[in-house]
Amino acid sequence: MSGTTAPPPPEPLAAPRRARRSIALTFLVHGAVTGSFVTRIPWIQHHLDLSTGQLGLALVMPAVGSSLAMPLAGRFVHRYGGRAAVRGLISLWCLSLALPALAPSLPVLCAALLAYGATSGMADVAMNAQGVEIEERLGRSIMSGLHGMWSAGGLLASPFGILAAHLDLDARIQLAVTALVLLALAQPVCRGLPDLRAQEGAEEPPRFALPPRSSLVIGLVGFCAVFAEGASMDWSGVYLRDVTGASATVAAASYTAFSLTMAVSRLAGDAAIRRLGAVRTTRIGGAVATVGGLLVVAADSPALAIPGFALIGIGIAVIVPLAFAAAGRIGTNPSQAIAGVATVTYTSGLIAPAVIGALAQATSLTVSFGLVTALACALLLSAGALRLAERNSGGENVTAMSPEKPSGKDLSAI
């Protein structure tokens, strides 16, 4: 026998159902902040008398803030533990919802949205790292459902913003009240999270470090999916109106329909992942999204384009959750890898609308969605990069660590 001894098995995760429920509701609260904000963007534009170009500049700031701040999340997790880090960061994210409407000018709005994006990105990394760890300790896929809860949060919150806009309610009041309500909801939700911590004596991560190269390949898979998502969400209405001749009502409803498709597919996605595995699910999803893209490109009427956009949403819905799950199992620093994958995917979401618009200006929207179709097809070839997401995807009774004891890997090192 070898002289080395195997490490002791981790202790069971206390209250696993409570941990899963708490992290799911955390994702829902995070999504509700986004859903509340986007409905009041027209009010902010009108209030500050912004041109389309000025508004576009301001709306770049959240993605910039997220990309810059995401690597810092690991220091919060390392210093305060998973539960306190998620609670603190999600609380800041809720409070940041009130900032954009309070801005008196474009420069202040840009600064407010930079802070809004920074708190979003840090909370995103911390809660995804927590979700990946809970998934691994439970021994079954839950990440797709968690991201489905994020989508559901946005869908649940947006009607309140729409109603406030219909009643011509001042967004400064509405978003401030919404921020306080979501902050209050986040506190009991986060109490149920396990206090997952880094190994005892682990060195505090640096303030900033480049993501590991191993996460970049996974990030490119997420890049393809998020590009298709961003292009479809931002341009489906324009495509239906300008290319297929849809009415204004049908075109306006395309965003809600696409978001609903994504949410339902993500909520149902864990069952498919458990049955088929991450790689096969990704390949099937890529094939479905490719068929959807081909329908959109070939469409000459809404009756063909709408099912095409729906298939794109169904096909890409679980890709990003699987990318985070795979990243969280790279080496001993899951937060670093998750931050790397998140940075790549956020960048995709940032550039997709602009690339589609520029390509459409130079050629046509049909050609632009030919690019979306090609990226969806690329998922068929790159799915193998998500093989790590299959670990413990089918088991039901895998033991896990106690929430108060350190994990075998550093959850926070960046």
Side-chain angles (χ1 to χ4, degrees), residues 30-69 92-121 154 157-180 182 226 229-242 248-249 251-256 258-259 346-362 365 368:
H30 194 287
V33 175
T34 301
S36 299
F37 169 68
V38 297
T39 59
R40 302 318 307 268
I41 290 175
W43 185 94
I44 293 171
Q45 181 181 19
H46 177 75
H47 178 68
L48 296 181
D49 193 24
L50 302 178
S51 68
T52 302
Q54 289 173 323
L55 179 63
L57 172 65
L59 293 179
V60 167
M61 293 298 110
V64 174
S66 291
S67 298
L68 292 175
L92 290 174
W93 168 231
C94 291
L95 291 173
S96 73
L97 174 62
L99 297 179
L102 298 174
S105 64
L106 177 61
V108 178
L109 176 63
C110 289
L113 289 175
L114 196 71
Y116 172 87
T119 55
S120 171
S158 59
F160 294 98
I162 294 170
L163 178 61
H166 177 72
L167 297 175
D168 200 24
L169 181 64
D170 191 312
R172 291 169 292 190
I173 298 173
Q174 186 247 324
L175 291 183
V177 171
T178 303
L180 293 175
L182 292 175
V226 171
E229 178 181 354
S232 298
M233 291 181 72
D234 286 7
W235 285 96
S236 58
V238 178
Y239 195 98
L240 285 167
R241 183 192 64 201
D242 293 353
T249 302
S254 62
Y255 169 79
T256 300
F258 184 83
S259 298
Y346 273 49
T347 300
S348 178
L350 172 65
I351 69 172
V355 170
I356 293 297
L359 188 57
Q361 181 71 27
L365 271 175
S368 295

S.K.: Using the side chain to side chain donor-acceptor pair (under 3.5 Å) criterion, which residues pair with S348? Sequence neighbours excluded.
M.R.: none
S.K.: Mark yes or no for whether T119, through its side chain, and Y116, through its backbone, hold a donor-acceptor pair below 3.5 Å.
M.R.: yes
S.K.: With side chain to side chain contact (heavy atoms under 4.5 Å, CB included) as the test, would you mind laying out the steps for I356 and L365 before giving the verdict?
M.R.: CA-CA 7 Å; I356 293 297; L365 271 175; 4.1 Å; yes
S.K.: Enter the distance from L92:CG to L97:CG here, rounded to the nearest 0.5 Å.
M.R.: 13.0 Å
S.K.: Once rounded to the nearest 0.5 Å, what's the spacing between atom CD of Q54 and atom CG of L59?
M.R.: 12.0 Å
S.K.: Indicate yes or no for a side-chain donor-acceptor contact from S36 to the backbone of A157 under 3.5 Å, with no hydrogens or angles considered.
M.R.: no
S.K.: Side chains of L99 and F37: closer than 4.5 Å at any heavy-atom pair?
M.R.: no
S.K.: Mind checking the CG-CD1 spacing from L106 to I44? Nearest 0.5 Å is all I need.
M.R.: 12.0 Å
S.K.: Show, in sequence, the C-alpha distance, side-chain angles and deciding distance for V64 and L114, and conclude whether the side chain to side chain contact (heavy atoms under 4.5 Å, CB included) test is met.
M.R.: CA-CA 7 Å; V64 174; L114 196 71; 3.9 Å; yes
S.K.: Where do L113 and P100 come nearest, in terms of heavy atoms and distance?
M.R.: CD2-CG, 3.6 Å
S.K.: What's the spacing between L102 CG and L109 CG if we round to 0.5 Å?
M.R.: 10.5 Å
S.K.: Short question: side chain of S66, backbone of A63 - any donor-acceptor pair under 3.5 Å?
M.R.: no
S.K.: Please enumerate all residues that pass ring pair (Phe, Tyr, Trp, His ring centres under 6.0 Å) together with W43, with sequence neighbours excluded.
M.R.: H47
S.K.: Evaluate F160 against T39 for side chain to side chain contact (heavy atoms under 4.5 Å, CB included), listing each step before the verdict.
M.R.: CA-CA 9 Å; F160 294 98; T39 59; over 6 Å; no
S.K.: Mind checking the CZ-OG spacing from F258 to S236? Nearest 0.5 Å is all I need.
M.R.: 7.0 Å
S.K.: Quick one: ring pair (Phe, Tyr, Trp, His ring centres under 6.0 Å) partners of Y239, sequence neighbours excluded?
M.R.: F309, F369
S.K.: I need the S105 OG to D49 CG distance, nearest 0.5 Å.
M.R.: 13.0 Å
S.K.: Which heavy atom of Q174 sits nearest a heavy atom of G161, and at what distance?
M.R.: NE2-CA, 4.0 Å
S.K.: What pairs with R172 under side chain to side chain donor-acceptor pair (under 3.5 Å), at least two apart in sequence or on another chain?
M.R.: D170
S.K.: L182 and A32: which non-hydrogen atoms are nearest, and at how many Å?
M.R.: CD2-CB, 3.9 Å
S.K.: So, for W235 and G357, which heavy atoms are closest and what is the spacing to 0.1 Å?
M.R.: CZ2-CA, 3.5 Å
S.K.: Please identify each residue that fulfils side chain to side chain donor-acceptor pair (under 3.5 Å) with Q45, with sequence neighbours left out.
M.R.: none
S.K.: Applying side chain to side chain donor-acceptor pair (under 3.5 Å), name anything that partners S120, two or more places apart in sequence or on another chain.
M.R.: none
S.K.: Looking at every heavy atom in both A98 and A176, which two are closest together, and how far apart are they?
M.R.: CB-CA, 4.0 Å
S.K.: If you look at every heavy atom in A231 and A352, which pair is closest and at what distance?
M.R.: N-CB, 4.2 Å
